[in-house]
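To start, the structure itself, in structure tokens.
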Amino acid sequence: MEKFVNKLSCTNNARRPQKRIKLESDERMKQREDNEEDEFSHPVPWQKIESEGLDCDYALLLSKEEADHMFKQLEEEVVYSTGEEAKVRVFGKVHSIPRQQAAYGDAGLTYTYSGVTRLACLWTPTLEQIGDVVTKTTGQTFNFVLVNRYKDGQDHMGEHRDDEKELDPLCPIASVSLGAARDFIFRHRDARGKRSRRQMDPVKLELAHGSLLLMNSPTNAFWYHSLPVRKKVSLPRINLTFRRILLDRKK
DNA sequence: GTGGTAGCATTAAT
DNA sequence: GATTAATGCTACCA
């Protein structure tokens with residue numbers, strides 16, 4: 001069995017991803033960094049995950065106690081889609097998605113994928129709180145979060161890319177995991193299928209309770225990702241993917 | 001043999 | 001034509 005990337009020794013002890021989009025003055029950034037020093041008594045050990053066209057950062061964002069608390073709060077707060085909203089069309093067929101899903105974000109935001117348009121609910125206190133931690137840790141702001149709940153190892157997500165046109169292409173997608181640890185697989189678009197053009201090994205991660213995975217540009221242009229079935233997993237996992245959706249797109 | 005997983009095939013609308 | 005956030009089937013491995 002191949003070793004998973006984040007089971008290997010961690011070589012990168014930077015406090016946050018090296019790549020940052022400069023959105024604010026040096027003075028404000030310095031001020032914010034000073035505040036972060038107060039907030040996080042332990043530096044966040046980032047692990048860089050790289051391959052051709054793949055650029056991700058992985059870190060344990062929350063302590064076990066914090067993550068336990070957030071998980072419990074979300075179980076009470078989040079209301080998941082039902083009925084038609086929980087269905088998706090793939091290969092011409094309509095399926096119920098094999099997990100629970102909900103969309104939260106700024107007022108009036110919508111997000112479309114695979115023939116389904118979602119109107120975001122307004123942030124819950126816990127989602128806002130976690131979003132703040134992610135922003136403070138990464139320097140990125142987000143206006144939308146997609147919540148996926150996998151009740152056990154039978155729930156999963158098929159291989160896909162997050163390449164929706166309405167996403168800000170320069171803003172990374174920040175994926176926070178709570179609950180049961182699950183495998184997460186990246187595969188390069190040119191290494192899929194029988195007549196694949198190239199031999200490229202998939203990149204495999206295990207997403208732990210309280211972890212944060214940043215998918216930086218241009219990862220989603222080249223790499224598909226999936227959360228495969230794992231029958232031995234019996235506990236639920238909640239995944240939050242924070243995104244920035246572009247506003248006022250030209251019509 | 002058996003259970004779990006990896007990888008390919010599917011399918012018809014956009 | 002290319003793509004596809006789904007499942008189904010088969011081959012492989014422990």
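Within every chain, numbering begins at 1; the chains are lettered A, B, ... in the order of the sequence lines, protein sequences first and strands thereafter. Every value quoted in this text rests on a predicted model; they were computed, and no experiment measured them.
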Next on the checklist: Can you confirm whether P236(A) sits close enough to D152(A) that some side-chain heavy atom of one is under 4.5 Å from a side-chain heavy atom of the other?
Outcome noted: no
Look at all strands and tell whether [X] reaches a base, only sugar-phosphate, or nothing, counting heavy atoms closer than 4.0 Å.
{"X": "H225(A)", "value": "nothing"}
{"X": "V94(A)", "value": "nothing"}
{"X": "R189(A)", "value": "nothing"}

Looking just at side-chain N and O atoms, do [X] and [Y] make a donor-acceptor pair shorter than 3.5 Å?
{"X": "N239(A)", "Y": "S175(A)", "result": "yes"}
{"X": "T126(A)", "Y": "E77(A)", "result": "yes"}
{"X": "R237(A)", "Y": "S177(A)", "result": "yes"}

How close or far is atom [atom2] of [N] from atom [atom1] of [X], stated in whole angstroms?
{"X": "F186(A)", "N": "dG7(B)", "atom1": "CZ", "atom2": "P", "value": "16 Å"}
{"X": "F184(A)", "N": "dA6(B)", "atom1": "CZ", "atom2": "P", "value": "15 Å"}
{"X": "D183(A)", "N": "dG4(B)", "atom1": "CG", "atom2": "P", "value": "15 Å"}
{"X": "R230(A)", "N": "dG3(B)", "atom1": "CZ", "atom2": "P", "value": "18 Å"}
{"X": "Q199(A)", "N": "dC8(B)", "atom1": "CD", "atom2": "P", "value": "10 Å"}
{"X": "R187(A)", "N": "dT4(C)", "atom1": "CZ", "atom2": "P", "value": "13 Å"}
{"X": "H160(A)", "N": "dT3(C)", "atom1": "NE2", "atom2": "P", "value": "17 Å"}
{"X": "D152(A)", "N": "dG4(B)", "atom1": "CG", "atom2": "P", "value": "13 Å"}

Item to check | R161(A) side-chain N/O to dT3(C) phosphate OP1/OP2 under 4.0 Å | outcome: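 So the side chain of R161(A) is outside the cut-off, no N or O lying under 4.0 Å from OP1 or OP2 of dT3(C).
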Checklist entry - Is there a side-chain polar atom (N or O) of R192(A) under 4.0 Å from OP1 or OP2 of dA6(B)? => result no
Next on the checklist: Between F184(A) and H225(A), does the ring-ring contact (aromatic ring centres under 6.0 Å, His included) criterion hold? Intermediate values first, please.
Outcome noted: CA-CA 7 Å; F184(A) 190 76; H225(A) 57 268; 5.4 Å; yes
Next on the checklist: With a 6.0 Å cut-off on the ring centroids, do Y104(A) and F144(A) count as close?
Outcome noted: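 No, ring centres 6.0 Å or more apart.
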Checklist entry - Does V229(A) belong to the same Ile/Leu/Val/Met/Phe/Trp/Tyr cluster as I97(A), with side-chain heavy atoms less than 4.5 Å apart forming each link? => result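 Per the 4.5 Å side-chain linkage, V229(A) and I97(A) are not co-clustered.
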Checklist outcome for this item: Symbol by symbol from the 5' end, with Watson-Crick or G-U pairs under 3.5 Å, [ ] crossing and | another strand, DNA chain B is .|||||||||.|||
Checklist entry - Should R99(A) and N148(A) be marked as a side-chain hydrogen bond (donor to acceptor under 3.5 Å, both in side chains) after you check the CA-CA gap, both sets of side-chain angles, and the distance that decides it? => result CA-CA 7 Å; R99(A) 59 188 173 276; N148(A) 281 290; 2.9 Å; yes
Checklist entry - Any idea how F222(A) and H188(A) line up, ring-wise: parallel (<30°), tilted (30 to 60°), or perpendicular (>60°)? => result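 Taking H188(A) first and then F222(A), their aromatic rings lie parallel (interplane angle under 30°).
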Checklist entry - Y224(A) side chain: which of dG4(B), dT4(C), dA6(C) is closest? => result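 Ranking dG4(B), dT4(C), dA6(C) by closest atom to the Y224(A) side chain puts dT4(C) first.
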Could you run down the sub-3.5 Å N/O contacts of the protein with nucleotides 10-14 of chain B?
none

